[in-house]
Protein chains: 2
Amino acid sequence: MARACGVHVSTVSRTFSAPHLVNPETRTRVLAEAERLGYRPNRAARALTTGRTHNIGLIVADIANPFFPPLIKAAQAHARLRDYHVFVADTDEDPRVEEELIQTFSKQVDGVLLCSPRLSNRAIDRLRRDVPFVVVNRPVRGLPAVLMDVADGARQAVGHLTSLGHRELALLTGPSGSWNSGLIQEAAERAAAEAGARLTALGPNAPTEQGGLLAAPEVLAAGATGVLAYNDLMAIGLLEGLEERGVAVPGDVSVVGFDDIMQGRLARPKLTTVAMPTVAAGRTAVDMLLQQVGAEEAGPSVTSLQTTLVVRESTAAPARLPR
Amino acid sequence: MARACGVHVSTVSRTFSAPHLVNPETRTRVLAEAERLGYRPNRAARALTTGRTHNIGLIVADIANPFFPPLIKAAQAHARLRDYHVFVADTDEDPRVEEELIQTFSKQVDGVLLCSPRLSNRAIDRLRRDVPFVVVNRPVRGLPAVLMDVADGARQAVGHLTSLGHRELALLTGPSGSWNSGLIQEAAERAAAEAGARLTALGPNAPTEQGGLLAAPEVLAAGATGVLAYNDLMAIGLLEGLEERGVAVPGDVSVVGFDDIMQGRLARPKLTTVAMPTVAAGRTAVDMLLQQVGAEEAGPSVTSLQTTLVVRESTAAPARLPR
DNA sequence: CTGAAAGCGCTAACAC
DNA sequence: GTGTTAGCGCTTTCAG
């Protein structure tokens with residue numbers, strides 16, 4: 001390629017990495033030749049000298065969890081505009097796989113987006129020496145993060161339920177490793193107390209339909225008329241469990257989920273839920289990562305994104321107020 | 001690292017890429033040192049000399065389409081076991097983005113999995129010079145492919161409907177660029193004819209809920225009592241459209257989809273659908289790609305996977321047989 | 001079995 | 001503005 005247009009390789013190199021340093025004439029000639037030959041600089045080789053791979057890693061617990069695809073998609077599209085590619089990997093909810101993935105990624109990417117990591121703080125602290133991180137959906141001391149304000153979401157959800165007249169609430173908590181579950185619980189308890197309602201925490205539960213399905217008896221046993229589930233999948237499972245037992249939603253019991261996944265709109269009744277700004281989160285995370293690796297100007301090191309309650313059909317006033 | 005254990009770099013190299021060529025003692029020493037220092041060979045640099053990146057690209061039209069995540073997940077897990085990483089990219093249904101993605105991937109991966117590509121045969125033929133392909137969900141002359149037998153799926157679906165007593169069928173076709181849509185239509189028409197039923201093809205429609213929703217009036221106008229939709233998303237949209245118009249499913253009209261995505265189980269009534277072997281497809285595609293790039297033994301160059309009808313609640317005998 | 005040397009495709013610092 | 005040189009981290013002959 002270098003000799004095909006009768007110049008030195010470094011001139012070709014400059015044409016692509018610093019076009020302004022090369023004579024416009026030569027430049028167009030090189031570009032034309034590149035076009036003809038279908039030449040494109042080899043990014044891997046480039047990475048060897050520059051130290052920038054122009055790749056970023058994106059690690060999620062489960063691609064098949066409908067919460068993630070919109071986030072992945074947004075991150076990816078956003079990265080592409082900045083000439084970055086995204087490696088997506090799925091840990092299958094296994095912290096060991098997560099660690100292994102981070103290590104194998106470390107030399108191939110400029111940084112890693114860790115979405116809802118299951119790894120311990122200690123492990124993360126150790127691994128951050130290998131590669132820059134941005135954590136999504138969980139605060140880790142000293143690490144840039146993009147958070148979604150689930151605590152406020154929980155407040156909104158509890159507020160909605162109490163203002164409807166519910167006084168006996170239940171919270172279906174998530175997996176014990178989940179940071180958000182704790183935040184939700186704390187905020188929900190406070191909001192319930194302020195409204196003079198009682199809130200029973202039930203869990204931990206698997207963040208799946210199955211998890212919600214299995215929790216149905218406990219919800220009934222707790223005598224709750226309004227329930228908050230850790231995520232939509234769990235809420236949907238609960239809807240099924242309640243239906244099986246002949247409990248009407250929202251007639252007898254109101255249900256609120258988190259995430260606003262598409263499935264919630266499909267469920268009957270349509271699920272009331274706390275919508276998460278996943279698209280914004282994906283974009284912001286990419287921006288923050290690129291800032292950190294010096295490809296962009298620096299911004300805040302922790303971003304918190306708002307959540308919003310979406311009221312649909314699974315919530316209503318309780319049939320009879322608790323005695 | 002080389003000098004840390006007092007040997008030459010080439011010995012370190014051999015320890016990782018050809019362990020049997022090195023003295024067991026030295027090997028363990030090197031390995032121990034690597035462990036201590038957290039050293040791992042730089043895959044990008046290795047790729048420079050070997051020509052093998054140990055990465056594969058996976059290109060889909062839309063990550064957020066629930067059909068793909070299980071496939072991606074399976075491909076990824078399968079590749080990982082073979083020491084391969086997967087770059088996932090989303091084209092946003094845009095052929096130009098698809099082409100660009102392939103080109104940027106080409107030097108960074110050993111091969112590309114093209115899932116339901118929107119690119120023209122010509123373009124694919126041109127691009128295959130840049131990088132090995134395996135195409136999923138569409139036959140391309142001269143290229144290895146993994147196909148899912150949608151034609152047979154269509155036959156099963158039509159058979160199910162006709163044996164239930166339906167004689168007036170409608171088919172909601174997919175986007176005009178979709179290969180599968182043509183296959184489905186052909187097979188459905190043949191099967192309908194054989195069973196003495198009439199089948200009206202309606203379309204093209206967007207492969208989304210919206211597409212199905214908009215098609216509801218046409219379905220009714222066609223007087224069909226049994227309808228086949230290009231995919232589950234479209235079928236679900238149709239369910240909604242029908243409900244809005246007070247048409248009972250399956251009382252008045254029966255609906256069958258394709259894909260067996262999770263949403264189908266959530267819809268009310270639960271959707272009867274043709275299940276696609278996405279997990280097997282993801283694995284097979286990875287195997288075929290690795291075979292092609294010489295990392296594994298050669299197998300067949302086109303694999304066809306079976307589909308199976310899953311009967312749920314959206315199909316039943318027609319209320320009254322057509323006159 | 002191990003060391004030496006060349007080179008993968010590119011960029012960066014320095015001359016000219 | 002462009003050529004020269006060195007070197008990124010690794011593998012791979014080829015000697016020894």
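In the text below, chain A, chain B and the rest are named by the order of the sequence lines, each starting its count at 1.
Side chain of A:N231 to backbone of A:P207: a donor-acceptor contact under 3.5 angstrom is found. At least one donor-acceptor pair under 3.5 Å links the side chain of B:T26 to the backbone N or O of B:N23. Panel note: side chain B:T284, backbone B:A280; a donor-acceptor pair is recorded below 3.5 Å. Formation of a donor-acceptor pair under 3.5 Å by the A:D90 side chain with backbone atoms of A:V60 is not found in this model.
Looking only at side-chain heavy atoms (C-beta outward), B:N137 and B:C115 stay at 4.5 Å or farther from each other.
Along DNA chain C, the stretch of nucleotides lying under 4.0 Å from any heavy atom of chain B spans, 5' to 3', C:dC1 to C:dG9.
If you check residues 42-51 of chain A against DNA chain D, the residues with a heavy atom closer than 4.0 Å are A:L48, A:T49, listed by number. A heavy atom lying under 4.0 Å from DNA chain D marks the following residues of residues 11-22 of chain A, by number: A:T11, A:R14, A:L21, A:V22.
Side chain to side chain, A:T307 and A:D149 fail the donor-acceptor criterion of an N or O pair below 3.5 Å.
Counting heavy-atom neighbours within 6.0 Å of B:R96 CZ, excluding the residue itself, gives a total of 12 or less. Sparse packing is recorded around CD of B:Q306, with 12 or fewer heavy atoms of other residues, nucleotides or ligands lying under 6.0 Å away.
The ring-ring contact (aromatic ring centres under 6.0 Å, His included) contacts involving residues 122-146 of chain A comprise nothing, where partners must be two or more places apart or lie in separate chains.
By the 30° and 60° cut-offs, the orientation of the rings of A:Y84 relative to A:H54 is parallel. Below 30°, between 30° and 60°, or above 60°: for B:F16 and B:Y39 the angle between ring planes is between 30° and 60°, a tilted geometry.
We find that NE2 of B:H8 is positioned 12 Å from C1' of D:dC10, with the value rounded to whole Å. Between the C1' atom of D:dG9 and the CZ atom of A:R52 lies a distance of 17 Å, rounded to the nearest Å.
Listed by chain and number, the residues in a side-chain contact (heavy atoms from CB on, under 4.5 Å) with A:A77 amount to none (sequence neighbours excluded).
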Would A:D83 and A:R43 satisfy salt bridge (charged side-chain N to carboxylate O under 4.0 Å, His left out), going step by step from the backbone distance to the final call? CA-CA 11 Å; A:D83 196 25; A:R43 299 166 67 121; 3.5 Å; yes
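Straight-line distance between the P atoms of D:dT2 and C:dG9: roughly 24 Å, to the nearest whole Å.
Paired runs in DNA chain C that reach 3 or more consecutive Watson-Crick or G-U pairs, where each pair keeps both distances under 3.5 Å, cover C:1-11 with D:6-16, C:13-16 with D:1-4.
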